[in-house]
Amino acid sequence: MEGQITERIKKDYDRMGSSSQKVADLIMKNTATISSMTLAQLAKRSGVSLATVSRFAKDMGYQNFSQFKWALNSQVENPLAIDNEISDHDTLKTVSQKVLNANIETLTETFDLLHEEDLYAARQLIVNAKNLSFFGLGGSNIVAFDAYHRFLRVPLYVSYNSEYHMALMQASKLSKGDCAIVISHSGSNKDTINIAEILKKRDVPIIVITSTPKSALTAYGEICFFSISKSLQYRQKAFLSMTSQLAITECLYMLTAQYFGKKADETFDSLQDIINTRHK
């Protein structure tokens, strides 16, 4: 999801239903005062039902209206320090500052969307999986490979393939005793959806990591994590960061390593011994 709530509302506005657009309109016009409103007050002012406001908050990636309101209030109290457009006249230090600030915002907002119960449920699926398999295409392929590389260090059987047709075959061999982590920035890539459909038909539990809460991919996820992606603009071209996706997979890895404790240490040490032997 795009960084900062108001930016994300603008980006998703055209895809919203008419009732959700009424809520969005009120929030955009009265951002500073929404934090003092109750769910009922916001619904009445917007001319929509309580359920619509609750659904709006969930569609933005939050568990409930209270969490959404807290995040919106935090945005008001801590506005962006600098804009997200890189110009030809920026100094080297300024460009670096904008890049780092964007990444800091990305990680902070991604953390706000992590829920304790989801992290626990995801870890349970992972540690009990006979085969933990990673899937991602395009830029998300890099994230999937990085996660695969990390999870080789814990006592689990893990699999990954960068080639699409091989990934399809990989998905077709999994079953309900396994677990798949499917990563997609847009959540709408047809090939990724095809993989998710195969996994679903085989009753494979799916953990989805995406930047788009209302995407087609989220419907396949038993658990969904939403990755904030702060855009950096240069000459009208947006450069989307993979920082948040990498951070989410690293969180899942560390939770898994914590669960296995000494067994994870032994697996890591064994791998390191093999690598060190090669370099002697």
Side-chain angles (χ1 to χ4, degrees), residues 1-80 84 105-119 121-122 182-189 193 196 206-231 238 240-241 244-245 248:
M1 290 179 287
E2 291 296 324
Q4 295 269 312
I5 297 171
T6 48
E7 290 180 25
R8 282 156 32 207
I9 291 175
K10 290 177 183 177
K11 181 189 175 190
D12 294 340
Y13 188 84
D14 291 339
R15 294 196 292 266
M16 294 178 183
S18 58
S19 294
S20 292
Q21 286 182 342
K22 290 179 181 180
V23 178
D25 290 338
L26 184 65
I27 292 172
M28 295 299 295
K29 292 177 182 177
N30 304 276
T31 305
T33 60
I34 295 299
S35 61
S36 63
M37 292 186 188
T38 64
L39 188 152
Q41 289 171 333
L42 180 56
K44 184 176 180 180
R45 287 278 301 275
S46 302
V48 300
S49 66
L50 297 176
T52 296
V53 177
S54 294
R55 187 166 58 250
F56 182 91
K58 291 181 179 179
D59 286 344
M60 292 299 296
Y62 298 92
Q63 282 190 313
N64 50 50
F65 174 71
S66 295
Q67 189 183 65
F68 170 77
K69 190 169 70 170
W70 178 87
L72 187 63
N73 186 52
S74 179
Q75 173 183 311
V76 173
E77 293 179 352
N78 301 285
L80 293 177
N84 62 340
E105 291 167 19
T106 287
L107 293 173
T108 299
E109 293 183 43
T110 296
F111 176 77
D112 289 341
L113 296 179
L114 292 177
H115 310 310
E116 183 96 12
E117 55 268 39
D118 289 337
L119 292 169
V182 182
I183 307 161
S184 172
H185 171 69
S186 68
S188 59
N189 180 282
I193 298 300
I206 303 173
I207 298 171
V208 166
I209 299 175
T210 183
S211 297
T212 313
K214 295 185 73 173
S215 67
L217 184 61
T218 58
Y220 293 92
E222 188 160 329
I223 303 162
C224 295
F225 293 106
F226 302 118
S227 52
I228 294 296
S229 189
K230 181 67 184 172
S231 294
L240 298 174
S241 172
S244 52
Q245 290 183 346
I248 290 172

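For the numbers below, each heavy atom of this structure counts, side chains included, while hydrogens, waters and symmetry mates do not.
Atom CD1 of I27 sits about 7.0 Å away from atom OG of S46, to the nearest 0.5 Å. Interatomic distance, D59 CG to T212 OG1, rounded to the nearest 0.5 Å: 12.0 Å. S20 contributes atom OG, which lies 10.5 Å from atom CE of M60 (distance to the nearest 0.5 angstrom). For the atom pair S244 OG and H185 NE2, the distance stands at 8.5 Å (nearest 0.5 Å). Rounded to the nearest 0.5 angstrom, I206 CD1 and Y220 OH are separated by 8.5 Å. In this structure, Q41 CD and L26 CG are separated by 11.0 Å, a value rounded to the nearest 0.5 Å.
The shortest non-hydrogen separation linking L217 to A196 is CD1-CB, 3.8 Å. Across all non-hydrogen atoms, the minimal contact from I223 to A122 is CD1-N, 3.2 Å. Here the shortest heavy-atom pairing between D118 and C224 reads OD2-O, 4.4 Å.
Atom CD of E116 is surrounded by 12 or fewer heavy atoms from other residues, nucleotides or ligands within 6.0 Å. Counting heavy atoms of neighbouring residues, nucleotides and ligands inside a 6.0 Å radius, atom CZ of F111 does not exceed 12 of them.
The shortest distance between side-chain heavy atoms of F226 and I248 does not fall below 4.5 Å. In this structure, the side chains of Q245 and T110 stay at 4.5 Å or more apart for every pair of heavy atoms.
With sequence neighbours excluded, no residue forms a side chain to side chain donor-acceptor pair (under 3.5 Å) with S54. Under the side-chain contact (heavy atoms from CB on, under 4.5 Å) criterion, A40 pairs with T38, L50, not counting sequence neighbours. Under the side-chain contact (heavy atoms from CB on, under 4.5 Å) criterion, L107 pairs with T243, A247, sequence neighbours left out. Scored by the salt bridge (Lys or Arg N to Asp or Glu O under 4.0 Å) test, R45 finds no partners at all (sequence neighbours excluded). Legend: residues meeting side-chain contact (heavy atoms from CB on, under 4.5 Å) with S19, ordered by chain and number and at least two apart, are V48, T52.
With hydrogens and angles ignored, the 3.5 Å screen pairs a side-chain donor or acceptor of S211 with a backbone N or O of S227.
Judged as a ring pair (Phe, Tyr, Trp, His ring centres under 6.0 Å), the pairs with a partner in residues 18-62 (not counting sequence neighbours) are, in order, F56-F68, Y62-F68.
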